[in-house]
Amino acid sequence: METWRVVATVLLAAAGLPLVLVLMAKARDRRNSSGAVAITGAVAFVVLLLLGVVMLTVLPGVLTWVIVAVVAAALGVMMLAS
């Protein structure tokens with residue numbers, strides 16, 4: 001496994017885990033339901049996990065770095081908007 005794949009996946013996890021928490025907080029604010037918060041968190045975490053596995057194994061380099069940049073940008077925008 002190439003080093004750049006591991007670095008990209010670690011960066012995805014570093015930006016993705018706080019993004020999951022932000023998404024859960026947004027779900028709590030909108031629906032005020034613990035079930036909706038749990039479902040939102042579970043779906044976001046599974047998507048993040050699947051992205052990490054696919055990035056480690058088969059995605060080409062450009063697409064991998066684009067995904068990392070998009071997730072980091074989404075986290076920045078959501079943190080500034082809240």
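Quick note: residue numbers are just sequence positions, from 1. Just so you know, these numbers come straight off a predicted model, no measurement behind them.
Among V7, L63, L12, the single residue meeting the side chain to side chain contact (heavy atoms under 4.5 Å, CB included) criterion with V68 is L12.
Neither V10 nor V47 shares a network with the other; the hydrophobic side chains, linked directly or stepwise wherever heavy atoms of I, L, V, M, F, W or Y lie under 4.5 Å apart, form separate groups for each. With hydrophobic clusters built from ILVMFWY side chains whose heavy atoms lie under 4.5 angstrom apart, M79 shares a cluster with V71. Connection of W65 to L56 is not established within any shared hydrophobic cluster, with ILVMFWY side chains joined at heavy-atom distances below 4.5 Å, either directly or through further cluster members.
Take T64 and apply the side-chain contact (heavy atoms from CB on, under 4.5 Å) test, not counting sequence neighbours, and it matches W4, A8, M55, L59. The side-chain contact (heavy atoms from CB on, under 4.5 Å) check on L17 picks up F45, L48, with sequence neighbours excluded. Residues that satisfy the side-chain hydrogen bond (donor to acceptor under 3.5 Å, both in side chains) test with R5, not counting sequence neighbours, are E2.
Counting all heavy atoms, side chain and backbone alike, R31 lies closest to A36 at CD-CB, 3.8 Å. Nearest heavy atoms, A15 versus L75: O-CD2, 3.5 Å.
When side chains are defined from C-beta on, L23 counts as touching M78, because their heavy atoms get closer than 4.5 Å.
The environment of D29 atom CG is dense: over 12 non-hydrogen atoms of other residues, nucleotides or ligands sit within 6.0 angstrom.
Rounding to the nearest 0.5 Å places CD1 of I67 at 13.5 Å from CG of L11. Expressed to the nearest 0.5 Å, how far CE of M1 lies from OG1 of T9 amounts to 8.0 Å.
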